[in-house]
A.B. asks: 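Supplied in structure tokens, the structure appears directly below.
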There are 2 protein chains.
Amino acid sequence: MPRAGLSPAAVAEAAAAVADAEGLGALSLKAVAHRLGVASPSLYKHVAGLDGLRREVAMLAAREFGEVLGSAAMGRSGPDALRAVAAAYREFARTRPGRYAALNTAPPPEDTEVAAAFWRPVEVLAAVLRGFGIAERDLVDEIRAVRSSLHGFADLEATGGFGLPEDVDRSFDRMVERSIAGLRARTAAPR
Amino acid sequence: MPRAGLSPAAVAEAAAAVADAEGLGALSLKAVAHRLGVASPSLYKHVAGLDGLRREVAMLAAREFGEVLGSAAMGRSGPDALRAVAAAYREFARTRPGRYAALNTAPPPEDTEVAAAFWRPVEVLAAVLRGFGIAERDLVDEIRAVRSSLHGFADLEATGGFGLPEDVDRSFDRMVERSIAGLRARTAAPR
DNA sequence: GCTCAAAAGCTAATCCAGTTAGCCAAGCCC
DNA sequence: GGGCTTGGCTAACTGGATTAGCTTTTGAGC
């Protein structure tokens with residue numbers, strides 16, 4: 001029998017595809033194996049069981065997400081940068097719901113590699129907000145506020161938390177503009 | 001053998017306790033049955049399997065959450081009401097993480113009872129924001145923005161998304177004040 | 001108090017995904 | 001070409017969900 005030519009990366013990619021298509025909750029060794037045309041036990045040669053599979057998806061997602069946000073921020077600053085990053089954030093969450101959901105889990109504290117990958121997107125946001133001239137000691141609060149808005153919106157949208165699907169774009173735009181206005185106010189009147 | 005005196009409500013309560021203590025992901029018939037001192041199959045006399053158990057937890061959580069937010073809003077208006085509701089929101093998410101997580105799932109669209117229960121908390125928020133004198137056609141956007149902030153913050157906090165545990169209270173307070181400022185601006189300068 | 005039907009709990013058995021063990025072929029290094 | 005490593009397989013085991021069917025409690029009506 002010919003080999004399937006798997007690799008940890010290929011398995012992670014397939015797993016992410018399953019998560020995006022069926023939901024993170026439906027991520028299973030069975031489904032991934034099926035997608036790869038292989039029997040479930042074969043996956044153990046590449047990932048450490050279901051937990052390992054989840055970890056790889058989280059890693060992959062974090063890297064891609066950091067990449068996407070970083071690209072959006074590149075070459076822009078201030079409000080423009082935040083608008084671009086916010087749009088990219090939501091776009092990622094919408095088009096890759098499984099991966100996005102994988103970012104919304106607490107990795108084991110000892111897994112520094114995942115922790116580092118999870119941190120990248122936050123660093124992008126931090127860089128963008130620094131561009132607003134936020135004082136360093138206020139930065140944490142501002143990052144948390146912006147992250148909360150973006151994550152909350154993305155998550156509510158993903159889980160159908162918004163009743164009517166219409167005008168969700170407008171709501172998002174307004175929310176982002178609200179953040180920008182708040183950041184400007186903070187810059188103008190530092191405490 | 002004496003009867004355990006179960007009921008759908010008692011099972012739901014035990015399930016919610018399990019979810020709070022072990023995480024929603026660890027909610028299982030096994031765990032609930034054990035907590036109630038009963039064998040797993042016995043639960044089928046009261047709830048419709050694991051899916052039914054999850055549904056009951058979601059129902060219970062939604063009712064309690066609506067209750068908690070409603071109480072916080074009672075007797076207050078404007079910024080005070082929003083501050084109280086925001087604090088109650090976060091408090092609920094922190095002290096009952098399993099229940100809160102159960103609210104963050106998409107119920108099947110045909111289950112109107114759950115849908116209605118899920119809607120209650122949003123109605124409380126709507127009432128509070130109306131108290132700011134928001135124009136009706138802008139209300140949806142404002143509700144979404146506030147919900148996004150609150151949910152995002154609560155969720156990030158729950159999943160350990162904030163690096164340092166310190167000063168999280170301050171971050172939350174500032175975010176809420178930021179929302180209030182934004183709402184005031186909207187009221188003052190309607191578009 | 002007595003009868004009996006419904007309800008509530010149990011055990012036994014089935015299903016399914018995850019996991020482990022161990023076999024065997026494919027590919028590679030010499 | 002020989003032999004080691006690797007990647008995939010099948011078979012077997014585990015644990016939780018679920019179903020079937022039994023038994024006992026309970027409570028309504030007499």
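Treat the numbers as computed from the prediction; the structure is a model and nothing was measured. Chain A is the first sequence line, chain B the second, and so forth, proteins listed ahead of strands; every chain is numbered from 1. Side chains included, hydrogens not; waters and symmetry mates left out as well; all remaining heavy atoms used.
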A.B. asks: For residues 22-45 of chain B, which residues have at least one heavy atom under 4.0 Å from DNA chain C?
C.D. replies: Val38(B), Ala39(B), Pro41(B), Ser42(B), Lys45(B)
A.B. asks: Between Arg55(A) and Glu113(A), is the closest basic N to carboxylate O distance under 4.0 Å?
C.D. replies: yes
A.B. asks: May I ask you to evaluate whether His46(A) reaches the phosphate of dG8(D), defined as a side-chain N or O under 4.0 Å from OP1 or OP2?
C.D. replies: yes
A.B. asks: Any Lys/Arg nitrogen of Arg174(B) or Asp141(A) sitting under 4.0 Å from an Asp/Glu carboxylate oxygen of the other?
C.D. replies: yes
A.B. asks: Is a salt bridge present between Asp173(B) and Arg170(B), judged by a nitrogen-to-oxygen distance below 4.0 Å?
C.D. replies: no
A.B. asks: Might you work through the side chain to side chain contact (heavy atoms under 4.5 Å, CB included) test for Leu6(A) and Lys45(A), ending with a clear yes or no?
C.D. replies: CA-CA 9 Å; Leu6(A) 298 189; Lys45(A) 289 286 159 73; over 6 Å; no
A.B. asks: Are the aromatic ring centres of Phe153(B) and Tyr89(B) under 6.0 angstrom apart?
C.D. replies: no
A.B. asks: Specify the residues of residues 47-55 of chain B, ordered by number, for which at least one heavy atom lies under 4.0 angstrom from an atom of DNA chain D.
C.D. replies: Gly49(B), Leu50(B)
A.B. asks: If every non-hydrogen atom of Ala16(A) is compared with every non-hydrogen atom of Arg99(A), which pair is closest and at what distance?
C.D. replies: CB-CZ, 3.5 Å
A.B. asks: Flag the pair Glu67(B) and Arg120(B) as a salt bridge only when some basic side-chain nitrogen lies within less than 4.0 angstrom of an acidic carboxylate oxygen.
C.D. replies: no
A.B. asks: Look at Arg130(B) together with Glu136(B) and state whether they make a salt bridge at an N to O cut-off of under 4.0 Å.
C.D. replies: yes
